[in-house]
Protein chains: 2
Amino acid sequence: MKEKVQNKKAAVLQAALGLISEQGFQGSPMSQIAQRANIGVGTIYRYFSSKEDLINDLYIDVKTRLAQHTLRNYSVSRDVHASFLVLLRNIVDYFIENPAELLFMEQYANSPLITAATREEGLRMFAPVNHLFERAKDENLLKELPMEMLSTLAYGSTISLVKLKLFGKVKLDGATIDAGVDAIWDAIKR
Amino acid sequence: MKEKVQNKKAAVLQAALGLISEQGFQGSPMSQIAQRANIGVGTIYRYFSSKEDLINDLYIDVKTRLAQHTLRNYSVSRDVHASFLVLLRNIVDYFIENPAELLFMEQYANSPLITAATREEGLRMFAPVNHLFERAKDENLLKELPMEMLSTLAYGSTISLVKLKLFGKVKLDGATIDAGVDAIWDAIKR
DNA sequence: CAAAACGGAATGAACATTCATTCCTAAAAT
DNA sequence: ATTTTAGGAATGAATGTTCATTCCGTTTTG
């Protein structure tokens with residue numbers, strides 16, 4: 001059944017995500033991935049042609065879910081500032097709920113294991129975000145700095161925020177995180 | 001001669017840094033490290049008891065140089081805001097000059113390969129930076145957010161800035177980077 | 001019952017580490 | 001001044017292990 005097929009493929013992806021985020025790609029044997037997914041080693045190769053193929057599929061898989069969550073409650077009708085806060089808060093919430101995804105993305109966002117095509121595909125999913133930045137620029141809300149710099153600053157500090165919440169020694173409540181997101185806006189706003 | 005000893009050990013560390021930053025720890029065989037350092041494989045084991053020992057030594061090595069460069073031209077007599085800009089700019093400059101160090105640090109700052117003791121030792125080197133943040137807080141210059149959050153935001157966006165300069169598609173001149181550092185201050189300042 | 005899916009043993013390549021041997025240098029002997 | 005000797009440094013072939021991938025007998029599906 002197609003259902004079972006999807007089940008096994010998804011099981012492999014989930015097992016791989018957990019192991020790779022903890023131990024890295026080279027530190028996660030196919031045998032271990034199979035064991036964690038409760039299937040035989042050989043079965044993995046029915047769904048992925050190689051270990052590299054597996055990690056590229058996983059990259060797309062994670063990025064897809066991230067993009068979906070990021071764009072939750074996002075609407076072009078809302079004003080730019082509010083939209084910006086919603087997007088950042090969505091990213092924060094998603095990674096707080098899914099730490100393995102964060103570790104995986106951080107480790108492989110710039111890895112040579114991820115092919116250019118895969119990376120390209122991942123980028124396309126975030127087009128609305130770029131669009132929002134353009135809108136902000138048009139409305140003169142942003143500092144006069146290269147767009148890439150503004151978005152990179154925003155994303156970089158957002159990730160820092162999540163890491164602090166997940167791995168830091170301090171406890172952060174929702175309000176404090178919101179204040180952090182506001183601080184990020186301060187960095188890029190005119 | 002002692003000189004030769006130091007030369008070989010340094011050669012191993014340098015070779016390992018280059019390879020590990022590009023291919024990761026598990027992706028960098030001792031044989032390849034030896035080859036790149038122009039020595040025999042066995043020789044590595046005269047200086048490092050294991051591959052894990054090597055990466056921990058390398059971590060200290062890199063962190064030491066980073067701390068030195070970060071604290072260049074830093075003086076407690078200068079005012080807080082100026083000191084802050086100097087420190088961040090030093091970090092940016094160091095990593096721009098040493099991309100392998102950046103990639104290495106990003107990959108292993110939170111890796112289980114780095115022992116708690118090693119991490120601890122690395123942290124101690126940045127005591128003056130924490131001190132500066134305390135001073136800023138005492139002078140009421142910072143937002144009323146947890147210290148860890150402010151420093152994390154600052155460091156995270158600084159690293160983003162460097163990555164943009166190193167791997168981004170846009171060209172960034174010194175003035176633009178300075179403007180970026182200013183933006184980071186905007187994020188944390190009251 | 002034929003075809004597809006599965007599992008895990010088998011294979012061969014790659015690897016970290018060891019260790020018997022060689023190399024180098026500098027002091028001792030002549 | 002030349003040769004001998006000694007000991008630490010360096011080496012890389014050999015070892016045992018781990019791993020990705022393949023292969024093929026078994027089970028499940030339709």
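What you are looking at is a predicted structure, and each value in this text was computed from that prediction instead of being measured. First the proteins, then the strands, lettered A, B, ... as listed; each starts at 1.
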Hydrophobic cluster membership, A/Ile177 vs A/Ile91, 4.5 Å side-chain cutoff: yes
Can you pull every protein N or O that's under 3.5 Å from an N or O on nucleotides 8-11 of chain C?
from: C/dG8; atom 1: N7; to: A/Gly42; atom 2: N; distance (Å): 3.2
from: C/dG8; atom 1: O6; to: A/Gly42; atom 2: N; distance (Å): 3.4

Trace of the side chain to side chain donor-acceptor pair (under 3.5 Å) decision for A/Thr115 with A/Thr118: CA-CA 5 Å; A/Thr115 68; A/Thr118 301; 2.8 Å; yes
Pairwise side-chain contact, A/Leu71 with A/Phe126, heavy-atom cut-off 4.5 Å (strictly under): no
B/Arg46 CZ - C/dC23 C1' separation (whole Å): 13 Å
Whole angstrom value for the distance that separates C1' of D/dA20 from NZ of A/Lys51: 8 Å
Validation row: A/Phe95, A/Lys165 side chains within 4.5 angstrom (heavy atoms): no
Neighbour count >12 (heavy atoms, 6.0 Å) for atom CD, B/Glu139: yes
Protein-nucleotide distance (B/Leu19, atom CG; C/dC15, atom P), rounded to Å: 12 Å
Interatomic distance, A/Ile20 CD1 vs D/dA20 C1' [rounded to whole Å]: 13 Å
Whole-Å gap separating P (D/dT21) and CD1 (A/Ile44): 10 Å
Close side-chain approach of A/Arg72 and A/Tyr94, heavy atoms under 4.5 Å: no
Residues from residues 25-38 of chain B lying under 4.0 Å of DNA chain D - heavy atoms: none
Contact under 4.0 Å: A/Tyr47 side-chain N or O vs C/dC6 OP1/OP2: yes
ILVMFWY network linking A/Leu172 to A/Phe167, side-chain heavy atoms under 4.5 angstrom: yes
Between C1' of D/dC19 and CD of A/Gln23, the distance in whole Å: 14 Å
Rounded distance (Å) that lies between atom P of D/dC19 and atom OH of A/Tyr45: 13 Å
Ion pair A/Arg65/A/Glu101, N-O distance below 4.0 Å: yes
A/His81 and A/Trp185 aromatic ring geometry - parallel, tilted or perpendicular at 30°/60° bounds: parallel
